[in-house]
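Side chains are part of it too, since the values below use all heavy atoms of this structure and drop only hydrogens, waters and symmetry mates.
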Amino acid sequence: MVKKTEFYRLLKPSEVFRIESVIKNSDLRMSFKTAVFTGMRYKELKLFSEHPEWFHFNRKIIIIPRNYTKTKDERKVNLTPQFSELLYYFLHGGHRLKYSVYQSWSANLRRWAALARVENPEDLSAGSTRKAWESWLIESGWSLSRILASQGHDMNTSMKHYYNNDVTPEERINMKEMTQGWG
């Protein structure tokens, strides 16, 4: 059973792969992957889709200017080398990330999860991808201070919503593989 926190359900890496496999539109598939592998808030994802210049391939980060973040501080979203390269070729290939309104994106995520036969798709929302990424980073043993800085969280928020999830040793290994090279 996958643990559901007070706000969002944690996606396992295997579920992310299954969901990705049922998204037929390549731009939407990349939008889903960007939501997962950045852990950005949905509003930030929409803004990033309008400002791809925030992506710094050589530094493997997305810099969200202070006027566009919830905390009103500039934030550097760390990326894995693998995802940074994938995002670079997607954006430089003339593609654009696509995000609808929050409710529609959440509905799409639930629909894709149902098609992928993910357990309890009704518990998913646009915030589930953010929950997944931060949880994976914590479970993989990355520096908590770096995670908090990249995700724009304080310690209390992170510990309340993203820490101490019920994951198996196999899932933890998969999470470490997915976050390899981050930060």
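Counting heavy atoms from C-beta outward, Leu10 and Trp136 have side chains that approach closer than 4.5 Å. With a 4.5 Å cut-off on side-chain heavy atoms, Lys131 and Thr129 do not count as touching. The side-chain heavy atoms of Leu47 and Ile64, taken from C-beta on, include no pair separated by under 4.5 Å.
With rounding to the nearest 0.5 Å, the separation of CG in Leu45 from CZ in Arg130 is 9.0 Å. The CE atom of Met40 lies 6.5 Å from the OH atom of Tyr99; values are rounded to the nearest 0.5 Å. The structure places CZ of Phe37 at 12.0 Å from CG of Leu87, a figure rounded to the nearest 0.5 Å. Note that CZ of Phe83 and NZ of Lys60 are 13.0 Å apart. Values are rounded to the nearest 0.5 Å. Of the inter-residue distances, the one linking Lys98 atom NZ with Ser26 atom OG reads 7.5 Å to the nearest 0.5 angstrom. The structure places CG of Asn78 at 11.0 Å from OG1 of Thr38, a figure rounded to the nearest 0.5 Å.
Contact between Tyr68 and His51 at its shortest, heavy atoms only, is OH-NE2, 4.1 Å. In terms of heavy-atom proximity, Glu20 sits nearest to Arg29 at O-CD, 3.4 Å. Scanning both residues, Trp105 and Ala126, for their nearest heavy atoms gives CD1-CB, 3.7 Å. Closest of all the heavy-atom pairs between Gly127 and Tyr102 is N-OH, 3.6 Å.
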Using the rule given for side chain to side chain contact (heavy atoms under 4.5 Å, CB included), can you reason through Arg75 versus Val77, listing the C-alpha separation, both sets of side-chain angles and the distance that settles it, and then say yes or no?
CA-CA 6 Å; Arg75 192 159 54 104; Val77 178; 4.0 Å; yes
Verify side chain to side chain contact (heavy atoms under 4.5 Å, CB included) between Leu144 and Arg146, making sure each step is shown before the conclusion.
CA-CA 5 Å; Leu144 192 53; Arg146 292 202 54 146; over 6 Å; no
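Scored by the side chain to side chain contact (heavy atoms under 4.5 Å, CB included) test, Ser14 finds Lys12, Arg18 as partners (sequence neighbours excluded). The side-chain hydrogen bond (donor to acceptor under 3.5 Å, both in side chains) search around Thr179 returns Ser140, Trp142, not counting sequence neighbours. In this structure Ser145 satisfies the side chain to side chain contact (heavy atoms under 4.5 Å, CB included) test together with Ser143, sequence neighbours excluded. Glu177 pairs by the side-chain hydrogen bond (donor to acceptor under 3.5 Å, both in side chains) definition with nothing, not counting sequence neighbours. Taking His56 as the reference, nothing meets the side-chain hydrogen bond (donor to acceptor under 3.5 Å, both in side chains) condition, with sequence neighbours excluded. For Lys76, the side chain to side chain contact (heavy atoms under 4.5 Å, CB included) criterion is met by Arg59, Ile61, Ile63, Glu74, not counting sequence neighbours. Scored by the ring-ring contact (aromatic ring centres under 6.0 Å, His included) test, Phe48 finds no partners at all (sequence neighbours excluded).
Other cluster members for Val101: none, since no ILVMFWY side-chain heavy atom sits under 4.5 Å from it. Apart from Ile173 itself, the hydrophobic cluster it occupies contains nothing, where clustering links Ile, Leu, Val, Met, Phe, Trp and Tyr at side-chain heavy-atom distances under 4.5 Å.
At distances below 3.5 Å, at least one donor-acceptor pair connects side-chain atoms of Asn25 with backbone N or O atoms of Leu28. Side-chain N or O atoms of Glu134 include none that pairs as donor or acceptor with a backbone N or O of Gly39 at under 3.5 Å.
Environment of OH in Tyr42: crowded, with over 12 heavy atoms of neighbouring residues, nucleotides or ligands closer than 6.0 Å. No more than 12 heavy atoms of other residues, nucleotides or ligands shown are found within 6.0 angstrom of CD on Gln180.
Identified under the ring pair (Phe, Tyr, Trp, His ring centres under 6.0 Å) test for residues 12-35, with sequence neighbours left out: none.
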N/O donor-acceptor pairs under 3.5 Å from side chains in residues 89-97, not counting sequence neighbours:
| residue | atom | partner | partner atom | Å |
| --- | --- | --- | --- | --- |
| His92 | ND1 | Tyr88 | O | 3.1 |
| His95 | ND1 | Asp27 | OD1 | 3.0 |
| Arg96 | NH2 | Ser49 | O | 2.8 |

Atom pairs and distances, side-chain donor-acceptor, residues 107-118, under 3.5 Å, sequence neighbours left out:
| residue | atom | partner | partner atom | Å |
| --- | --- | --- | --- | --- |
| Asn108 | OD1 | Arg111 | NH2 | 3.0 |
| Arg110 | NH1 | Leu124 | O | 2.9 |

